[in-house]
Protein chains: 2
Amino acid sequence: MTKDKILNVALDMFGQFGYEDTALSDIAKTVGIKKPSIYNHFNSKEDIFREVLDEVIRRERAFFSEELKIASDLTCEEQLRELFEQYNERMATSEVGLFWKRVTFFPPECFAEVIKEKFKEVEGTFTEILKDVFHKGKEEAVIRDLPFETLTASFYTVIDGLFLERHFYGEDEYLLRKEASWKVFWLGIQHPEI
Amino acid sequence: MTKDKILNVALDMFGQFGYEDTALSDIAKTVGIKKPSIYNHFNSKEDIFREVLDEVIRRERAFFSEELKIASDLTCEEQLRELFEQYNERMATSEVGLFWKRVTFFPPECFAEVIKEKFKEVEGTFTEILKDVFHKGKEEAVIRDLPFETLTASFYTVIDGLFLERHFYGEDEYLLRKEASWKVFWLGIQHPEI
DNA sequence: CCTACCGATCGGTAGG
DNA sequence: CCTACCGATCGGTAGG
């Protein structure tokens with residue numbers, strides 16, 4: 001369907017160039033139609049953005065509910081590392097990742113509120129998964145007895161930092177930072193052996 | 001001087017709206033002149049950007065060489081925390097911080113290379129200061145014997161994560177994340193007592 | 001430092 | 001789904 005094609009192209013281009021710097025004529029060209037034909041499917045550019053945002057949320061939910069099943073035979077450290085890797089990879093390699101980056105950092109003004117809301121909702125889903133792993137770790141005395149908020153907040157900050165760094169530095173520097181951050185993070189939350 | 005006024009306004013607006021979304025007519029209006037008068041001082045919009053970038057570098061250098069003198073009577077932990085706070089504050093509250101955020105995340109294409117180069121140069125200066133503190137900490141057996149690259153890389157990742165989060169989440173959530181990240185980071189690099 | 005203007009491009013519309 | 005067109009705005013120029 002043409003409408004889906006438009007949405008997919010828009011998702012890609014909004015992520016690559018930002019909302020304001022993506023011209024409807026460029027979207028049309030990539031889709032293979034002329035600009036006015038877009039208006040057969042959407043009432044305005046803002047309308048397209050709203051539907052793209054819905055699509056992103058749908059994909060995020062699918063990702064969290066299906067791909068993020070973590071093997072229960074892994075140790076707590078391995079599980080956490082797995083979440084760490086998966087989240088990093090998704091943010092860096094999926095179209096959705098670039099879209100979030102653009103759109104959470106410098107949102108089109110009129111959408112700032114909705115975007116924040118939806119992003120926090122998605123993050124909340126991930127937080128639940130995280131908490132389970134931390135809970136298990138604390139029970140097994142593998143993880144230090146820190147408040148859940150401290151554990152999740154510091155995890156997110158590392159993830160966010162790497163997310164930022166991945167696009168800016170080269171792959172080599174990114175990998176260095178990822179390993180360093182993981183090492184220090186894990187040493188930080190690890191239960192001190194007695 | 002009008003030229004300086006233009007540069008200051010441009011620095012501010014490039015940081016707020018990005019390069020492409022800042023119109024010369026808006027800069028002119030804020031300065032209090034008409035758009036064509038800008039061309040008495042600059043040959044093009046790109047020219048303005050180049051000079052703004054130079055100005056930013058100048059300010060960064062001034063910051064690092066003057067404000068970042070850390071009191072030597074502080075403990076290693078206090079010194080590191082001081083650097084952590086100062087860097088965070090500067091990135092969040094100074095015009096230069098917003099400018100870096102815009103411009104390192106989504107640079108105007110033709111400037112991507114220069115920007116990266118200059119940013120890394122600035123970061124390198126900071127790394128030297130950081131290394132001194134880590135070195136002291138390791139000598140005093142306050143900090144774990146990890147490679148310098150691991151210590152600095154993980155420090156930067158936390159800083160970068162907080163930098164990202166500060167503008168996105170409210171001040172409350174930011175403070176929570178800052179304290180949590182610091183706590184886990186410090187536990188991670190701290191020398192394990194025997 | 002200004003007025004007056006340029007060609008290009010933007011989001012969006014009319015009408016078929 | 002198209003051609004043809006709109007008013008607004010962009011970076012930049014001419015000419016004084």
Side-chain angles (χ1 to χ4, degrees), chain A residues 1-56 99 102-103 105-115, chain B residues 1-56 99 102-103 105-115:
Chain A
M1 229 172 99
T2 305
K3 184 169 177 178
D4 292 334
K5 251 193 236 169
I6 295 171
L7 282 176
N8 280 325
V9 171
L11 167 51
D12 183 34
M13 298 184 91
F14 287 159
Q16 267 189 70
F17 313 114
Y19 176 76
E20 277 95 355
D21 293 330
T22 298
L24 293 186
S25 55
D26 290 333
I27 295 177
K29 193 182 285 176
T30 308
V31 171
I33 56 176
K34 299 293 177 183
K35 184 183 65 174
S37 303
I38 290 179
Y39 288 86
N40 269 298
H41 305 281
F42 302 92
N43 291 320
S44 64
K45 193 181 177 185
E46 296 188 0
D47 229 62
I48 300 178
F49 187 85
R50 267 184 286 269
E51 295 210 28
V52 165
L53 190 58
D54 288 344
E55 173 63 20
V56 167
F99 179 83
R102 273 278 174 195
V103 125
F105 289 12
F106 304 112
E109 228 168 316
C110 49
F111 294 118
E113 229 30 63
V114 203
I115 291 167
Chain B
M1 230 173 98
T2 304
K3 183 170 178 179
D4 292 334
K5 252 192 237 171
I6 295 171
L7 282 175
N8 280 325
V9 170
L11 166 52
D12 183 34
M13 296 184 93
F14 287 159
Q16 266 188 69
F17 313 114
Y19 176 75
E20 277 93 355
D21 292 330
T22 298
L24 292 185
S25 55
D26 289 333
I27 295 177
K29 194 183 284 178
T30 307
V31 171
I33 56 176
K34 299 292 177 184
K35 184 183 64 172
S37 303
I38 290 179
Y39 288 86
N40 268 298
H41 305 282
F42 302 93
N43 292 320
S44 66
K45 192 180 178 186
E46 296 188 359
D47 229 61
I48 300 180
F49 187 85
R50 268 183 285 270
E51 295 212 27
V52 165
L53 191 57
D54 288 343
E55 172 63 20
V56 166
F99 179 83
R102 273 276 173 194
V103 124
F105 290 11
F106 304 112
E109 228 168 314
C110 49
F111 294 118
E113 230 28 64
V114 204
I115 291 169

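Note on naming: letters A, B, ... go to the chains in the order of the sequence lines (proteins, then strands), and numbering restarts at 1 for each one. Treat the numbers as computed from the prediction; the structure is a model and nothing was measured.
Taking atom CZ of residue F42(A) and atom P of nucleotide dG11(C), one finds them 15 Å apart after rounding to whole Å. Regarding Y39(B), its OH atom lies at a distance of 10 Å from the C1' atom of dC10(D), rounded to whole Å. Per the geometry, NZ belonging to K45(A) stands 4 Å off P belonging to dG11(C), to the nearest Å. Following rounding to the nearest Å, I38(B) (CD1) and dG12(D) (C1') show an atom-to-atom distance of 11 Å. For the pair L24(A) CG and dG11(C) C1', the computed distance is 6 Å after rounding to whole Å. Distance K34(B) NZ to dG16(D) P: 21 Å, rounded to the nearest Å. What separates CD1 of I6(A) from C1' of dG11(C) is a distance of 15 Å, to the nearest Å. To the nearest angstrom, P of dG11(C) lies 10 Å from CG of D21(A).
Between the side chain of K35(A) and the base of dG12(C), at least one donor-acceptor pair of N or O atoms lies under 3.5 Å.
The OG1 atom of T2(A) lies 4.5 Å from the NE2 atom of H41(A); values are rounded to the nearest 0.5 Å. The line from CD1 of I27(B) to CG of L7(B) is 9.5 Å long, rounded to the nearest 0.5 Å. Atom NZ of K5(A) sits about 11.5 Å away from atom OG1 of T30(A), to the nearest 0.5 Å.
Closest to the side chain of S25(A), out of dC2(C), dG11(D), dC10(C), is dC10(C). Picking from dC2(C), dT13(C), dC10(D) the nucleotide with the shortest atom distance to the side chain of D26(B) gives dC10(D). Of the candidates dC10(C), dG12(D), dC2(D), the closest approach to any side-chain atom of S37(A) belongs to dC2(D).
Of the possible polar contacts, one joining the T22(B) side chain to the G18(B) backbone as a donor-acceptor pair under 3.5 Å is found. Checked by atom type and distance alone, the side chain of Y19(B) never pairs as donor or acceptor with a backbone atom of F111(B) at under 3.5 Å. Using modelled atom types, no side-chain atom of K34(B) and backbone atom of K29(B) make a donor-acceptor pair closer than 3.5 Å.
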Using Watson-Crick and G-U wobble pairs whose two distances are both under 3.5 Å, how do you write the pairing of DNA chain C as dot-bracket, with | for links to another strand?
||||||||||||||||

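Cation-pi contact between R102(B) and F106(A): present, with separation from the ring centre below 6.0 Å and deviation from the ring axis of at most 45°.
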